Amino acid sequence: DTFLQTGNLSSSGGHGLQVHNSETTRHLAIVTGGVSANGRGIQASNGGTGDTSIVTEGTVTAGGDGIYAYNTAIGQDMSVWSQAVQAGLTGISVSQEGAGSVEVRADGSIVGLSGDGIRISADVLSTSVSVTTQEVTARDTGILVDHAGSGGIEVIATGAVVGEGEAGVRVSSGPASGYITLDLLEVTGGEYGVEADNGGLGGTVLRAAGPVVSNGAGIHVENAAGSGEVFIDVTDVSGVDAAIIAINNGVTGTFVRTH
């Protein structure tokens with residue numbers, strides 16, 4: 001096992017913290033204070049057979065990705081718990097190839113100046129994906145989740161999510177996955193406000209308490225054959241091309257409520 005606990009970290013020319021576990025190891029756990037770096041703030045890759053955990057107790061400021069975490073196929077669960085992150089590229093980037101879950105929690109604002117705000121890629125061995133965040137702002141997509149494994153996707157955003165060039169929130173799931181559940185406040189996107197592509201076995205549930213705005217479609221939800229219901233409960237939605245597009249090829253009903 002590798003456990004690393006530090007105070008504040010600073011690097012003017014490279015990464016703030018770079019850690020790698022080889023395949024002979026198990027768990028990787030990191031706890032840091034604030035991080036300031038010209039490259040990535042934190043880069044953690046676990047080639048071992050255990051979990052990967054990252055906790056930041058201060059602000060992460062980086063010229064590259066703010067926090068980057070990677071598990072190989074023999075890894076297990078992954079978790080990132082951050083405060084504010086300001087990144088030149090993507091704020092928080094998680095790549096899970098192992099047979100475990102992904103959990104990202106951000107207790108401060110996340111900014112991706114030249115990439116995404118929060119980006120999660122979970123391969124076929126992975127299980128559930130969970131994101132809980134406050135404000136997220138990105139040049140490309142605010143929150144991006146691509147889940148090819150089993151289990152569901154849950155995204156909770158209690159602050160405004162903005163994806164200037166692409167989507168505010170974009171999630172997609174593979175054929176073995178479960179429910180997509182999105183509980184949002186307000187969302188702004190370039191191509192889409194919210195885009196959910198459900199190729200799995202569960203339904204898609206989208207709730208937005210505030211406005212959803214896009215230069216393309218405000219909301220685009222599509223369920224594949226074999227999926228469950230489409231449930232959309234929103235207030236104000238506006239899009240240049242369309243406000244709401246809901247396509248249900250699944251086995252149950254479609255419910256859309258605007259108020």
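Model, not experiment: these values are computed from the prediction.
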Would you say I219 and I245 make side-chain contact, with heavy atoms under 4.5 Å? no
Between N248 (side chain) and G250 (backbone), is there a donor-acceptor pair under 3.5 Å? yes
What do the steps show when you test L4 against V19 for side-chain contact (heavy atoms from CB on, under 4.5 Å), and what is the final call? CA-CA 9 Å; L4 182 62; V19 184; 4.0 Å; yes
OG/S45 to NE2/H20 distance, rounded to the nearest 0.5 angstrom? 5.0 Å
Decide yes or no for V169 and L184: does some side-chain heavy atom of the first lie under 4.5 Å from some side-chain heavy atom of the second? yes
Looking only at side chains, do H147 and S177 share a donor and an acceptor under 3.5 Å apart? no
Take N21 and T2, measure what side-chain hydrogen bond (donor to acceptor under 3.5 Å, both in side chains) needs, and give me the verdict at the end. CA-CA 7 Å; N21 261 10; T2 300; 2.7 Å; yes
Shared ILVMFWY cluster between L28 and V31, side chains joined below 4.5 angstrom? no
Supply the atom-to-atom distance Q83 CD to R105 CZ, rounded to the nearest 0.5 angstrom. 8.5 Å
Quick one: do V111 and I92 end up in the same hydrophobic cluster if we chain Ile, Leu, Val, Met, Phe, Trp and Tyr together by side-chain heavy atoms under 4.5 Å apart? no
Could you check if a side-chain atom of I110 sits within less than 4.5 angstrom of a side-chain atom of T137, using non-hydrogen atoms only? no
From S214 OG over to D241 CG, what is the distance, rounded to the nearest 0.5 angstrom? 7.5 Å
Under a plain distance cut-off of 3.5 Å, with no hydrogens placed, do S227 and N223 share a side-chain donor-acceptor pair? no
If two hydrophobic side chains count as joined below 4.5 Å and joins carry through other members, does V60 share a cluster with Y68? no
Student check: side-chain heavy atoms of T258 and I244 closer than 4.5 Å: yes
Would a distance-only check, ignoring hydrogens and angles, find a side-chain to backbone donor-acceptor pair under 3.5 Å from Q76 to T49? yes
Any idea which heavy atoms bring L113 and Q86 closest together, and the distance? CD1-NE2, 4.0 Å
If only side-chain N and O atoms count, and only distance matters, is there a donor-acceptor pair under 3.5 Å linking E229 with Y179? yes
Side-chain contact, heavy-atom cut-off 4.5 Å: I74 with E23? yes
Hphob cluster co-occupancy, I232 + V194, side-chain heavy atoms under 4.5 angstrom: yes
Side chains of T204 and N198: do they bring a donor and an acceptor to under 3.5 Å? yes
Report yes if the side chains of H259 and T235 come closer than 4.5 Å at any heavy-atom pair, otherwise no. yes
For T90, is there any backbone N or O sitting under 3.5 Å from a side-chain donor or acceptor partner on D65? yes
Should the pair D233-R207 be classified as a salt bridge under the 4.0 Å nitrogen-to-oxygen rule? no
L144 vs I120, side-chain contact (heavy atoms from CB on, under 4.5 Å): CA-CA, chis, key distance, verdict: CA-CA 6 Å; L144 174 62; I120 297 173; over 6 Å; no
Would you say I180 and V237 are hydrophobically clustered, going by side-chain heavy atoms of ILVMFWY under 4.5 Å? yes
S114 side chain to L89 main-chain N or O, any donor-acceptor pair under 3.5 Å? no
Main-chain N/O of T141 paired with D116 side-chain donor or acceptor, under 3.5 Å: yes
Tell me if a side-chain donor or acceptor on T32 pairs with a main-chain N or O of T6 at a distance below 3.5 Å. no
Which distance, rounded to the nearest 0.5 Å, do you find between the CG of D51 and the CZ of R26? 8.5 Å
Under 3.5 Å, is there a donor-acceptor pair between the N46 and T52 side chains? yes
Which pairs, with at least one residue in residues 77-98 and sequence neighbours excluded, count as a salt bridge (Lys or Arg N to Asp or Glu O under 4.0 Å)? none
Between R139 and E166, does at least one N-O distance fall below 4.0 Å, as a salt bridge requires? no
What pair of heavy atoms forms the shortest contact from G115 to A138, and how long is it? O-CB, 3.4 Å
Do N249 and E222 have side chains that approach each other closer than 4.5 Å (heavy atoms only, starting at C-beta)? yes
Tell me whether the rings of F255 and F231 are parallel (<30°), tilted (30 to 60°) or perpendicular (>60°). parallel
Could you report the tightest heavy-atom contact between P175 and L201, atom names first, then the distance? O-CG, 3.6 Å
Does the side chain of I118 come within less than 4.5 Å of T133's, by heavy atoms? yes
Approximate separation, where rounding is to 0.5 Å, of E103 CD and E154 CD: 9.5 Å
Any donor-acceptor pair under 3.5 Å from D183 side chain to I156 backbone: no
Closest non-hydrogen atom pair between Y70 and M78, with its separation: N-CE, 3.7 Å
Can you name the nearest heavy-atom pair linking D146 to S172, along with the distance? OD1-OG, 3.2 Å
Run L182 and V155 through side-chain contact (heavy atoms from CB on, under 4.5 Å) and show every step you take. CA-CA 5 Å; L182 308 175; V155 177; 3.7 Å; yes
Atom pair CG (L206) and NE2 (H220), whose distance is rounded to the nearest 0.5 Å: 13.0 Å
Is there a side-chain contact (heavy atoms from CB on, under 4.5 Å) between I67 and I54 once you walk through the steps? CA-CA 9 Å; I67 299 171; I54 299 172; 4.1 Å; yes
Give me the atom names and distance for the closest heavy-atom approach of Q43 to H15. OE1-NE2, 3.5 Å
